Amino acid sequence: MNSCLDHLECTYCGARFPADALHGLCTHCQRVLYPRYDLAAAARTLTRDALARRPPGLWRYREVLPVRDPAHILSLGEGGTPLLPARRFGESLGLPNLWIKDEGQNPTGSFKARGLSAALSRAHELGVRKVALPSAGNAAAATAAYAARGGMEAFVFMPSDSPPVHKAECDLAGARLFLVNGLIHDAGAIVQRYRDRCGWFDVSTLKEPYRVEGKKTMGYELLEQMGWELPDVIVYPTGGGTGIVGMWKAFAELEALGLCDRKRPRMVSVQAAGCAPITKAFEEGKRHAEPWPSAATIAPGIRVPVAVGDYLILDAIRASGGTAISVDDRDILAAVAEVARLEGIYGSPEAGATAAACRVLARRGLVKPDERVVLLFCGSGLLHTELVRGDYPVLDPRDPKLERYFSGTRA
Ligand SMILES: *Cc1c(COP(=O)(O)O)cnc(C)c1O
Ligand SMILES: [Zn+2]
């Protein structure tokens with residue numbers, strides 16, 4: 001059970017690069033590089049039977065992950081998240097086969113743990129000891145944690161209005177945190193400007209080849225968890241798009257490995273109405289998205305006005321027969337609350353966006369009642385308690401009015 005990593009391939013111009021050197025984007029066209037594996041070799045050991053005997057979690061798919069020497073694996077128990085039936089929420093939409101993949105149960109509370117476990121492990125193996133990235137919060141928190149695990153230095157750049165819990169997470173893990181007046185791409189520009197001078201390895205979304213490998217394991221897990229048959233529809237909150245393109249890559253690999261057939265889920269990309277460059281490009285029939293001006297949404301992970309992998313996202317949506325939609329912040333918040341109330345699952349706002357989108361899909365007849373639909377609940381609502389404003393009675397145990405308060409139908 002070894003990594004079958006073979007080479008890197010540019011997803012745009014097809015150029016090939018050796019896998020055992022450090023790489024960012026393609027040096028010819030500045031687009032995204034994908035790791036490619038010897039899948040025939042991988043298929044000999046990565047079988048259904050073998051998987052049944054391996055422990056849960058991301059690293060059970062070692063053959064199709066990039067780390068060669070397991071001593072470099074930086075793990076905090078990422079992956080292996082539950083796929084939960086959402087019966088009560090599903091019934092409210094007329095979708096009895098609705099599922100929620102609860103990625104909020106990952107270390108640091110989001111699926112960013114998958115990508116950064118893979119990327120930082122591989123970077124560690126290739127000798128990197130200083131990493132930097134721009135982040136809306138979750139990627140920063142995950143980077144801080146995995147860097148600490150590997151004794152690496154992390155330099156993280158976050159929009160100054162990012163959720164306070166993410167700042168605390170970086171602080172706790174000893175990362176160097178910088179707040180930026182601007183959005184995630186402004187933070188990214190600072191990383192790009194100073195990375196060479198400061199000796200940082202840039203682990204921005206899709207600007208190095210291995211975060212996507214961690215995220216693709218969601219596709220591997222879904223196949224296993226659904227009894228070796230992929231769902232009909234996957235609803236994904238798209239920011240940089242690593243997860244949606246990662247799962248799409250996973251399905252092609254799984255078919256080549258002989259673990260699934262040619263049938264693919266329809267990929268539904270969800271963005272917020274206040275920042276929807278991919279939805280707009282999809283509707284206009286374009287392969288590249290224009291930068292979204294004045295991006296604004298309460299869902300930080302999808303407040304991403306520019307995505308280097310825009311063509312990969314749009315290609316995957318179209319090839320799958322899926323669609324791209326936008327939902328507004330009010331519907332996002334309502335959906336977070338509704339799923340929590342009906343299912344006991346606390347989603348982040350981005351997760352809420354998938355639930356709100358699912359309602360739109362059902363209403364427009366874009367999913368049929370018998371179809372199996374999976375919502376990617378990317379992050380935990382516990383990281384966003386600032387969005388919950390409760391109005392609770394405060395009781396004084398000596399107050400005589402207490403008697404009256406609990407005497408009626410109220411309690
Ligand atoms: C990063 C993030 C997203 C967007 O994920 P991409 O794969 O970059 O599109 C969605 N939700 C949460 C909670 C995130 O942290
Ligand atoms: Zn290229």
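Counting starts at 1 for both ligands and their atoms, in listed order. Note that the structure is predicted; figures quoted are calculated from it, not measured. Positions are given from 1 along the sequence. Hydrogens, waters and symmetry mates play no part in the numbers below; they use all other heavy atoms, side chains included.
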Just to verify, what does Glu169 make a side chain to side chain donor-acceptor pair (under 3.5 Å) with, not counting sequence neighbours?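 Testing Glu169 for side chain to side chain donor-acceptor pair (under 3.5 Å), a comparison that skips the adjacent residues, returns His166.
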
Taking only residues two or more places apart in sequence or in another chain, which ones pass side chain to side chain donor-acceptor pair (under 3.5 Å) with Thr205?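 Per chain and number, Thr205 pairs via side chain to side chain donor-acceptor pair (under 3.5 Å) with Arg211.
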
Aromatic contact between Trp248 and Tyr236, with the criterion being ring centroids under 6.0 Å apart: yes or no?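 When the ring centroids of Trp248 and Tyr236 are compared, they turn out to be at least 6.0 Å apart.
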
Assert yes or no for the condition that the ring centre distance of His288 to Tyr12 is strictly below 6.0 Å.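 Yes, the ring of His288 comes within the 6.0 Å limit of the ring of Tyr12, centre to centre.
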
Parallel, tilted or perpendicular, judged at 30° and 60°: which one describes the rings of Phe178 and Phe157?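 Because their plane-to-plane angle is under 30°, the rings of Phe178 and Phe157 count as parallel.
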
So, Ser117 and Trp59: side-chain donor and acceptor under 3.5 Å apart, yes or no?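 Yes, because at least one side-chain N or O of Ser117 sits under 3.5 Å from a partner of the opposite role on Trp59.
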
Would you confirm whether Glu350, through its side chain, and Gly301, through its main-chain N or O, come within 3.5 Å as a donor-acceptor pair?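 Yes.
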
Assess whether a salt bridge exists between Glu290 and Lys280, defined as any Lys/Arg side-chain N lying under 4.0 Å from an Asp/Glu carboxylate O.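 Looking at Lys280 together with Glu290, the answer is yes, because their closest N to O distance falls below 4.0 Å.
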
Asp232 with Arg266: basic N within carboxylate O range, under 4.0 Å: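 Judged by the 4.0 Å cut-off on N to carboxylate O distance, Asp232 and Arg266 do not form a salt bridge.
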
What does the 4.0 Å heavy-atom contact list look like for ligand 1?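 Under the 4.0 Å cut-off, ligand 1 touches Phe111, Lys112, Asn138, Lys215, Tyr236, Pro237, Thr238, Gly239, Gly240, Gly241, Thr242, Gly243, Gly301, Ser348, Glu350, Cys378.
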
Quick one: name the protein N/O/S atoms under 2.8 Å from the Zn ion (ligand 2), chain by chain.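 Short answer, with waters excluded from the count: Cys10 SG, Cys13 SG, Cys26 SG, Cys29 SG.
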
